[in-house]
Amino acid sequence: MRKYFNLFDFKQKVDYKTEILSGLTVALALVPEAIAFALIPGFSPLTGLYAAFVLALITSILGGRPGMISGATGAVAVIFVGLILELKRNFPGIEPETILHYVFATVIVAGILQILAGILRLGKFIRLVPHPVMFGFVNGLAIIIFMAQFPNFYQKGTNELLSGSPFFIMLGLTLLTMLIIWGLPKLTKAVPSSLVAIIIVSAIVLGFGIDTLTVADTMREGESIKGGFPPLSLPQIPVTLETLKIIFPYAAIVAGVGLIESLLTLNIIDEITDTRGSGNKECVAQGTANILSGFLSGMGGCAMIGQSLINTSSGARARLSGITAAIMLLVFIMFGSSLIERLPMAALVGLMFMVAIGTFEWASFKTFGKMPKSDVVVMVLVTLITAVTHNLAVAVLLGVVISALAYSWENAKRIRARKSVDDKGIKHYEIYGPLFFGSTTLFGEKFDVQNDPDEIIIDFKESRIADMSGIEALNKITGRYAKVGKKVHLRHLSKDCVRLLKDADDIIDVNVMEDPTYKVVVDKVRKKKEEEGKNPFNLWGL
């Protein structure tokens, strides 16, 4: 059991005070975030808060990374904007309540897809994300977190910046919060500095009756975070193929974005804590949490890098902090809504500013001029796409694709051929570098078919054929030699190359030369093919 419930592993040293206080801090930070993300697609604050409660609780218990926090996120919320527009196009006059049922169904289907990803052990593919993409992802998120706080400096419902006393009060309280968070750890680490900052600034505002923006002011008129335990919500929608056609594409996007953000956050927390989490277990936990969120009136979500960093920077390392955050969030909803709604946004804005500053990889600036240009371009591009579009999936996937193409281009330039003629007049081509789709053109240019002797050997001892494009390139060059009546021997083909050549098994034979595993095209097979009237070097057997 201890593999899943590290909280109850008594061999693990758990600082219960740190875990509980850190969880309380995270719960306070979750409130405005969940409300803001719920408002993006036009949901009520409770829809976001219920999602935050369910996801934080379930992933803290079942997740692959103790200390990581999940909840309602902006990346997922933006997807529902598209779903709502799709529903309004297909069903003019659709009721808001019915839209919510479609959203809940979408979240449930997304959760099923995430569980399947975990069962199929797809979490390991996050290792394919290059480090420059990770840098870009983190920096982009830091910019998003930072920029998301600026609306709090505008007058409610307008695009006009606060002016005069309200602006300076907001700015002063924000800076005071940041100063406490920065300075308190230098004096003591007995309690999380973030929690102390929120308490002190809130006490100043409430004690002196300072008129400034509060959590209640961020909600629409007549809305509140007061509620009960998340109500059961069975999606009341037609169970038909047409319904699935509408929600499945959005469910797949929710599942993909959620897993990408969660697994990248898991990797970041792994590096911070110098431990290793389980990506596949996290996939299953995220899926389970989203399914329950859909059935409990939540909008779904994924891991939250900001809250996760608040948690780990406060010293939390076990599952207790996430469980505490979830339970305290529910307590706020059920019993403490009036108090939470009076919290000054300046305290929470200051906290998130510090999270953004701590999240940004400032060391990435040192890579300019030291890393390959392609890596720098990828890092900057992923940062900009993440920050501008808030589409984490597209940013990361594009970064991976560009990195892969850059890598392929560099490897394509590495293919070389050392040429020599032995005392028997046979010309040897010793190939160096991988033969794959990117290097086939350069490979073909290495050979002088017209001027070569009647017999040549292509030696792959220092090379390997990596894909079907490489096989086709080999097929073409042997065909060119066959047309002018010259013999070609293929030497040192690797075992994986032989597997790729399964369509040409009848022209591959074992010839014991320097090593019993060497594979070559032997003369007797070539003659047999000639007798059959076929091209002896056509690797496709045509």
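Worth knowing before you read on, the calculation uses all heavy atoms, side chains too, and leaves out hydrogens, waters and symmetry mates. A quick note: this is a predicted structure, and the numbers were derived from the prediction, not measured.
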Any chance you could measure Ser278, atom OG, to Asp270, atom CG, to the nearest 0.5 Å? 10.0 Å
Determine, using ring centers only, whether Phe365 and Phe360 are less than 6.0 Å apart. yes
Counting distance only, does the side-chain N/O of Asn139 pair as donor-acceptor with the main-chain N or O of Thr383 below 3.5 Å? no
Is there a donor-acceptor contact under 3.5 Å from the side chain of Ser224 to the main chain of Lys226? yes
Would you say the side-chain atoms of Asn311 pair up with the backbone N or O of Gly67, donor to acceptor, closer than 3.5 Å? yes
Please check if any side-chain donor atom of Thr265 sits under 3.5 Å from a side-chain acceptor atom of Ser262, or the reverse. no
I need the Leu263 CG to Phe125 CZ distance, nearest 0.5 Å. 12.0 Å
Starting from the C-alpha separation in whole Å, work towards a yes-or-no answer on side-chain contact (heavy atoms from CB on, under 4.5 Å) for Arg342 and Val215. CA-CA 6 Å; Arg342 295 174 64 190; Val215 171; over 6 Å; no
Apply side-chain contact (heavy atoms from CB on, under 4.5 Å) to residues Thr174 and Met345 and explain how you reach the verdict. CA-CA 8 Å; Thr174 299; Met345 281 302 298; over 6 Å; no
Has the side chain of Arg276 got a donor or acceptor atom that lies under 3.5 Å from a matching backbone atom of Asn267? no
Taking Ser321 for the side chain and Ala318 for the main chain, is one N or O donor matched with an acceptor at less than 3.5 Å? yes
I would like to know whether Ile246 and Glu242 meet side-chain contact (heavy atoms from CB on, under 4.5 Å); could you show each step before the answer? CA-CA 6 Å; Ile246 294 173; Glu242 289 301 317; 5.6 Å; no
Exam field: side chain Glu160 to backbone Tyr154, donor-acceptor pair closer than 3.5 Å: no
In this structure, are over 12 heavy atoms from other groups packed under 6.0 Å from Met147 atom CE? no
Strictly distance-based, threshold 3.5 Å: is any side-chain N or O of Thr47 a donor or acceptor partner for the main-chain N or O of Phe43? no
Taking Glu341 for the side chain and Ile225 for the main chain, is one N or O donor matched with an acceptor at less than 3.5 Å? yes
Given the rule in the side-chain hydrogen bond (donor to acceptor under 3.5 Å, both in side chains) test, do Asp217 and Thr214 qualify, once you have shown the distances and angles that lead to the verdict? CA-CA 5 Å; Asp217 295 326; Thr214 64; 3.2 Å; yes
Just checking Phe368: does its CZ atom have more than 12 heavy atoms from other residues, nucleotides or ligands closer to it than 6.0 angstrom? yes
What distance separates Leu266 CG from Cys283 SG, expressed to the nearest 0.5 Å? 9.0 Å
Among side-chain atoms of Thr25 and Ser22, is any donor-acceptor pair under 3.5 angstrom? no
One pair to check against side-chain hydrogen bond (donor to acceptor under 3.5 Å, both in side chains): Gln286 and Thr59. What are the steps and the verdict? CA-CA 6 Å; Gln286 290 289 333; Thr59 57; 4.8 Å; no
Heavy atoms of Leu162 and Asn152 approach each other most closely as CD1-O, 4.1 Å
Closest contact, heavy atoms only, Glu19 versus Gly315: OE2-O, 4.3 Å
Rounded distance [0.5 Å steps], CE in Met68 versus CD1 in Ile272: 11.5 Å
With Phe332, which of Val31, Leu343, Leu49, Leu30 fulfils side-chain contact (heavy atoms from CB on, under 4.5 Å)? Val31
I need the Ile99 CD1 to Ile237 CD1 distance, nearest 0.5 Å. 12.5 Å
Donor-acceptor contact present, side-chain Asn290 to main-chain Ala110, <3.5 Å: no
Can you give me the closest heavy-atom contact between Gln307 and Val26, atom names plus distance? O-CG2, 3.9 Å
Sole candidate of Ile357, Leu351, Leu173, Val349 that passes side-chain contact (heavy atoms from CB on, under 4.5 Å) when paired with Met178: Ile357
Begin with the C-alpha distance, continue with both residues' side-chain angles, and end with the deciding distance and a verdict on side-chain contact (heavy atoms from CB on, under 4.5 Å) for Leu55 and Ile69. CA-CA 8 Å; Leu55 269 98; Ile69 305 297; over 6 Å; no
May I ask you to test the Arg319-Ile61 pair for a side-chain heavy-atom distance under 4.5 Å? no
Does the ring centre of Phe353 sit less than 6.0 Å away from the ring centre of Phe150? yes
If only atom types and distance count, is the side chain of Thr106 paired as donor or acceptor with the main-chain N or O of Tyr102 below 3.5 Å? yes
Heavy-atom side-chain proximity of Phe37 to Met304 below 4.5 angstrom: yes
So among Val377, Val378, Val129, which one has a side-chain contact (heavy atoms from CB on, under 4.5 Å) with Ser403? Val378
Once you round to the nearest 0.5 Å, how far does CG of Leu161 lie from CE of Met170? 10.5 Å
